[in-house]
Amino acid sequence: MKILVVEDEPLIRLGLTDVLIEAGYEVSEAAHAAQAIAILEADPGIHLVLTDVDMPGDMDGILLAQYVRNRWPPIQLIVVSGKAGIDLDTLPLGSRFIGKPYPQDQMLELVRSLFSTEAGTR
């Protein structure tokens, strides 16, 4: 399964990418929404987008998640933020939210559960 990690903080992005690769996933990385969209357009095999809310550029993680849901409906979505006050009603249907900081095992369990749900719907 392929995962796209969208995170503007390089150390967080690299750490999460390493954990996901060690768990057996194929991972691509983007530092902002525009880069993420370019990767999604080039790679139709991505199954999950894991995005931070706060990013540079014209589109934050919530808008990116909404864009992905509208353009690529089958892609699973996880939205992450360390800020309080995220309105979960603004997240696209079927997406998941996890607050920062999160234990790595909690993130891996969420990723695994989304992929097992996806496999069950095929």
If you apply the rule side chain to side chain contact (heavy atoms under 4.5 Å, CB included), what do you find for I75 with L40, and how did you get there? CA-CA 10 Å; I75 292 178; L40 287 162; 3.7 Å; yes
By salt bridge (Lys or Arg N to Asp or Glu O under 4.0 Å), which residues pair with D43, not counting sequence neighbours?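 So D43 forms a salt bridge (Lys or Arg N to Asp or Glu O under 4.0 Å) with K2.
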Restricting to non-hydrogen atoms, name the atom on [X] and the atom on [Y] that form the minimum distance, rounded to 0.1 Å.
| X | Y | answer |
| --- | --- | --- |
| L110 | S113 | O-OG, 2.8 Å |
| V80 | F97 | C-CE1, 4.3 Å |
| L77 | A65 | CD1-O, 3.4 Å |
| D52 | S81 | OD1-CA, 3.9 Å |
| P56 | D8 | CD-CB, 3.5 Å |
| A36 | L4 | O-CD2, 3.7 Å |

Within the structure provided, determine whether [X] and [Y] are in side-chain contact (heavy-atom separation under 4.5 Å).
| X | Y | value |
| --- | --- | --- |
| L88 | V79 | no |
| L48 | M1 | no |
| L14 | E29 | yes |

Within this structure, what is the [atom1]-[atom2] distance for the pair [X] and [Y], rounded to the nearest 0.5 Å?
| X | Y | atom1 | atom2 | value |
| --- | --- | --- | --- | --- |
| Q76 | L50 | CD | CG | 11.5 Å |
| K100 | D54 | NZ | CG | 8.0 Å |
| E26 | L20 | CD | CG | 12.0 Å |

Using the side chain to side chain contact (heavy atoms under 4.5 Å, CB included) definition, which of the options I3, I12, V27 pairs with T17? V27
Please check this pair: side chain of [X] against backbone of [Y], looking for a donor-acceptor N/O pair closer than 3.5 Å.
| X | Y | answer |
| --- | --- | --- |
| E7 | E9 | yes |
| H47 | G45 | yes |
| Q35 | A31 | yes |

Not counting sequence neighbours, list each pair that qualifies as a side-chain hydrogen bond (donor to acceptor under 3.5 Å, both in side chains) and has a residue in residues 57-72. E41-R71, Y67-R71
Show, in sequence, the C-alpha distance, side-chain angles and deciding distance for V19 and M107, and conclude whether the side chain to side chain contact (heavy atoms under 4.5 Å, CB included) test is met. CA-CA 9 Å; V19 167; M107 178 60 79; over 6 Å; no
Parallel, tilted or perpendicular: rings of Y25 and F115 (30°, 60°):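 The rings of F115 and Y25 sit tilted, inter-plane angle from 30° to 60°.
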